[in-house]
Every structure is written in C-alpha cells, then in structure tokens.
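All remarks here apply to the structure that follows.
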Protein chains: 2
Amino acid sequence: MDTPPVVGRRERKKAATRQAIADAALRLFLERGYDRVSIRDIAEAADVSTTTLFKHFPGKEALVFDQEEDREAGLIAAVRRRPAGQGVVDALREHVLASWLPVATHPLRTEFTALVDSTPVLQEYAERMWTRHTAALSAAIADDAGVSHDDIACRALARFVLDIPALTRGLEDPRAAVEEVFDLLTHGWRPPGRPQQDHRGD
Amino acid sequence: MDTPPVVGRRERKKAATRQAIADAALRLFLERGYDRVSIRDIAEAADVSTTTLFKHFPGKEALVFDQEEDREAGLIAAVRRRPAGQGVVDALREHVLASWLPVATHPLRTEFTALVDSTPVLQEYAERMWTRHTAALSAAIADDAGVSHDDIACRALARFVLDIPALTRGLEDPRAAVEEVFDLLTHGWRPPGRPQQDHRGD
DNA sequence: GGCAAAAAGTGCAATCGGTCCACTAATTGC
DNA sequence: GCAATTAGTGGACCGATTGCACTTTTTGCC
C-alpha cells in the first residue's frame with residue numbers, strides 16, 4: 001500500500017548485507033590499516049560468516065573499492081559521442097579532466113586516498129581496475145579510426161590513457177599533469193629543455 | 001692449492017641450493033602448470049624445507065622469473081650512453097629492439113612464454129617486474145633533459161616505454177609493433193585513416 | 001687446532017586469504 | 001499452501017607465507 005515492492009525484500013536484504021560488510025571493512029581498514037585487518041575481523045564486525053562475505057566480494061581488495069560505477073561505458077562514450085571535428089585524444093583529455101579529476105581530488109576522499117596510497121597491494125589493484133578496460137577502449141578507438149580491433153597503435157593509446165591515474169596519483173597539480181601527459185600523446189615526446197622553471201607557489 | 005676460494009664454500013652451496021630450487025620449480029611448472037604445483041612439491045623435489053625455499057625466493061611467482069639480470073642498468077645506460085645527437089626516444093627504441101625482442105622471441109623460450117601467458121598471476125607479476133623500474137628510468141630521462149626528477153612528462157615516457165612488453169606480448173610481428181608504439185611516442189597520435197592496409201608478409 | 005659467531009637449513013605450528021560442502025531458513029512464484 | 005530459489009551458516013580444509021626454536025656447517029680469528 002505504501003511502498004510497492006519494485007524490488008523484493010530479498011534483494012533489499014542482500015543489498016543491506018553487502019553494505020554492512022563494505023562499511024565494516026572500510027571502517028576497520030581506516031582504523032587499523034589494511035593489512036592489520038583480517039577477513040575474519042570484517043566478517044565478525046559485519047556479523048556474517050566469511051563464506052557470506054566472499055559471496056558478495058570476490059576478494060579482500062574488492063572490499064575497498066566498493067561502488068564501481070562503470071567507467072568503461074563513460075570512456076567508450078567519450079570516444080564515440082564526441083563533437084564533430086574533435087580528435088580522439090582531445091575527447092579523451094576532456095573526459096579525463098571532467099570525470100576523473102573531480103573524483104581523485106574530492107576532499108572527502110582524503111583518508112581513503114591515504115589508505116590506498118599507503119598499501120602497495122591496493123595501489124596495484126586500483127591500477128588493474130583501470131588497465132582492465134584497455135581492450136574495450138582500444139576497440140572503441142579502432143572502430144572510430146576504421147582499423148582492425150587489434151591495431152597496436154590503438155591498443156597503445158588506450159593503455160597510455162588508462163595509465164594516467166597511476167601516473168598522476170598524489171601530485172600537487174593533477175590538472176597540469178594530465179595536460180602534460182596528453183600533450184605527449186598528441187605531439188610526441190619533446191625534450192623539456194628549460195631547466196625547471198618555477199611553476200609552483202605563484 | 002688448486003682453486004683459491006675466491007668465493008667460500010658456503011656461498012657456493014647457497015647458490016647451488018638456490019639453483020636446485022629454481023630448476024625443480026621450473027621443471028614442475030612446465031610439467032603440470034603453475035597452479036597445479038604447490039610450494040611443498042617444489043621444496044620436496046629440491047629436497048629442502050619450505051622455510052629454506054622462502055629464504056631464497058620471496059614468493060611463488062619469483063620462482064618462475066629467476067635469473068633477473070638487471071634490466072634497469074641496461075635501460076639507464078641506453079639513455080645515458082647514447083650516441084651524440086640521438087634523441088632519448090630513439091635511444092630507447094634501439095635498446096628495446098636490440099635487447100628485449102631477442103629474449104621475447106627466443107625459440108628456446110617458447111614453453112616458458114606459454115607458461116607465463118597461460119597463467120594470469122604470472123602475467124601480472126611480469127608486468128610489475130617492468131613497471132617497477134619506472135622511477136629509475138624516469139630519473140635518468142629527467143637528468144638527461146636537465147629537469148626535476150618528478151617531471152611528469154619524463155615519468156610518463158618512462159612508464160609508456162615500460163608498458164611495451166605488456167602491449168606487444170604474443171603478437172605476430174613484435175618488431176613492427178614496437179616500431180609503431182615508438183612512432184606514437186615520437187610524433188604523437190595520428191589517426192590511422194587507411195582501412196587496414198596489408199603491411200604483413202612483404 | 002680450537003672455538004665462538006655467523007649463517008644455512010630444519011621442523012613445526014600458526015596465520016591468513018580463500019574455497020568447499022552440507023545444511024538451515026527466509027523469500028518467492030505459482 | 002507448497003515447491004523451487006537463494007542468502008546465509010559453520011566448520012573443515014587448502015595453499016602460501018611467517019615465526020620460532022633448534023641443529024649443522026662454515027668461517028674468522030686467536
């Protein structure tokens with residue numbers, strides 16, 4: 001009468017359990033650090049069995065990177081639905097600047113970022129989460145250029161773009177860094193002859 | 001009297017033990033596949049305890065990639081001791097073509113390559129073995145260009161070059177692929193407008 | 001030669017991530 | 001109301017890795 005069960009009670013309970021696990025995990029990780037928290041600790045804190053925990057998350061690292069929006073769709077869309085006359089690289093640069101940077105520099109994520117940065121296994125995992133999309137992005141680029149899906153230049157470009165999060169992690173000025181990397185991808189490597197201009201502070 | 005102990009008996013025995021472990025491991029891996037061989041299997045085949053095994057190798061994956069010559073030194077040397085007038089990217093291209101390709105395409109390594117290619121965890125490990133040198137190569141490039149060590153363009157170039165093994169793994173024509181990637185790094189991305197010219201065979 | 005420290009190796013228990021299995025209980029579709 | 005799904009349980013289990021207390025070998029040195 002009040003709330004029609006568009007989603008059943010079961011699914012709601014399932015989601016609640018999943019959320020309880022993720023919350024407990026993140027809390028414990030932030031309290032004690034990633035490696036000082038065991039799977040059993042998390043399961044107990046969320047009041048579930050370890051079996052249940054692994055039915056919701058494929059592994060320990062996945063507990064950290066919970067809500068995974070689909071970056072892949074965004075990437076492919078950035079290539080496919082770009083304004084006429086714009087190059088692929090420019091489209092990707094805009095997408096990176098508009099979509100990734102706000103997340104990376106979100107002030108509320110400070111302690112989360114610190115957690116990831118201080119845990120090598122999490123850094124690697126985060127990196128894999130990006131490079132995992134290499135094939136898909138590469139295919140989109142190849143389609144756009146009208147060449148074969150296994151074109152090596154397309155694959156390289158996709159990979160290099162997806163390397164950007166890893167390359168620019170924890171930098172003072174991420175925006176400038178992203179621009180510089182895209183400059184390299186657009187024009188190729190140019191030896192930066194100037195002996196370190198002061199571009200910090202003012 | 002006959003052989004002066006330039007290296008003591010201890011070190012020789014240690015090296016022998018290490019070699020015995022590595023040999024046993026590789027043999028078993030090739031016979032049964034990586035995940036169907038346990039650490040205890042290897043330890044028993046080499047007639048040592050698992051404790052001893054882990055004193056020689058930091059983990060299971062390291063047993064596969066034993067003799068690690070220092071690629072890092074070669075990379076840095078390729079940048080530093082390059083012919084006058086040659087650009088960094090060209091020097092790196094030559095080094096990659098001269099040093100990596102022969103190893104990757106060595107006919108005796110066929111089964112070894114098959115082992116790595118068929119085992120995801122080994123692929124990831126191999127990739128990390130390369131990207132691990134990003135900081136060192138980046139520093140060499142930055143030194144060469146006379147800019148700060150944390151210059152992002154240098155870091156990006158280093159990273160992109162070290163991505164090449166992962167990008168070109170298992171390709172029909174690795175040499176052409178390497179050339180194409182370096183072309184991207186030299187001149188920037190250029191949309192390959194031609195609809196898949198036949199550039200294989202002749 | 002003899003001896004003490006360093007270091008290699010041992011054996012074993014324990015931890016930890018992750019899986020398996022047989023089972024209970026809630027939810028759902030009909 | 002009932003049968004099929006499905007979430008969750010709990011505990012045994014596996015394999016990688018570590019820690020500890022101990023033996024044996026080698027080495028450096030007097």
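Labels below follow one simple rule: chain letters A, B, ... track the order of the sequence lines, proteins then strands, and each chain is numbered from 1.
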How many whole angstroms separate atom [atom1] of [X] from atom [atom2] of [N]?
X	N	atom1	atom2	value
Asp41(B)	dT17(D)	CG	P	14 Å
Phe57(B)	dA16(D)	CZ	P	15 Å
Arg36(A)	dT18(D)	CZ	P	16 Å
Leu53(B)	dA16(D)	CG	C1'	11 Å
Glu44(A)	dG8(D)	CD	C1'	17 Å

Please assess Asp150(A) against Leu171(B) for the test side-chain contact (heavy atoms from CB on, under 4.5 Å), listing each intermediate value before the final yes or no.
-> CA-CA 10 Å; Asp150(A) 52 1; Leu171(B) 254 46; over 6 Å; no
Cation-pi check, Arg159(B) to Phe160(A): give yes when NZ or CZ is under 6.0 Å from the six-membered ring centre and within 45° of the ring axis, no otherwise.
->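 The answer is no; the distance or angle limit is not met.
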Establish, for the pair Lys60(B) and Tyr125(B), whether the NZ or CZ atom is under 6.0 angstrom from the six-membered ring centre and no further than 45 degrees off its axis.
->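 Lys60(B) over Tyr125(B) ring: no.
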Evaluation steps, side-chain contact (heavy atoms from CB on, under 4.5 Å), between Asp41(A) and Arg36(A) | CA-CA 10 Å; Asp41(A) 290 338; Arg36(A) 268 183 285 279; over 6 Å; no
Between Asp66(A) and Arg18(A), does at least one N-O distance fall below 4.0 Å, as a salt bridge requires?
->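 Salt bridge: yes.
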Would you call Arg82(A) and Asp90(A) a salt bridge, taking side-chain N to carboxylate O under 4.0 Å as the test?
->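 No, this pair does not count.
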Does dG8(D) have OP1 or OP2 sitting under 4.0 Å from an N or O in the side chain of Thr52(A)?
->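 Indeed not, no polar side-chain atom of Thr52(A) lies that close.
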Distance test, side-chain N/O of His56(B) to OP1/OP2 of dG9(C), below 4.0 Å |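 True: His56(B) side-chain N/O within range (under 4.0 Å) of dG9(C) OP1/OP2.
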Measure from the side-chain N and O atoms of Gln123(B) to the backbone N and O of Asp117(B), and report whether any donor-acceptor pair falls under 3.5 Å.
->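 The answer is yes, because a donor-acceptor pair under 3.5 Å joins these two groups.
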Name the nucleic acid region contacted by Asp47(A), choosing base, sugar-phosphate or nothing; use a 4.0 angstrom heavy-atom cut-off, strictly under.
->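 Answer is sugar-phosphate: Asp47(A) comes under 4.0 Å of backbone atoms only.
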Evaluate the side-chain contact (heavy atoms from CB on, under 4.5 Å) criterion for residues Leu92(A) and Leu137(A): first the C-alpha distance (whole Å), next the side-chain angles of each, then the deciding distance (0.1 Å), finally the verdict.
-> CA-CA 10 Å; Leu92(A) 284 169; Leu137(A) 178 55; 4.3 Å; yes
Heavy atoms under 4.0 Å is the rule here; annotate nucleotides 21-30 of chain D 5' to 3' with B where the base is hit, S where only the sugar-phosphate is, and - elsewhere.
-> ----BBS---
Counting primed atoms, P, OP1 and OP2 as sugar-phosphate and everything else as base, the B/S/- map of nucleotides 12-20 of chain C against protein heavy atoms under 4.0 Å is B---BBBBB
Side chain to side chain donor-acceptor pair (under 3.5 Å) between Ser49(B) and Thr52(B): does it pass, once the steps are laid out?
-> CA-CA 5 Å; Ser49(B) 68; Thr52(B) 300; 3.1 Å; yes
Identify which nucleotide among dT10(C), dT9(D), dG8(D) has an atom closest to any side-chain atom of Thr17(A), counting heavy atoms from C-beta outward.
->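 When the side chain of Thr17(A) is considered, dG8(D) is the closest of dT10(C), dT9(D), dG8(D).
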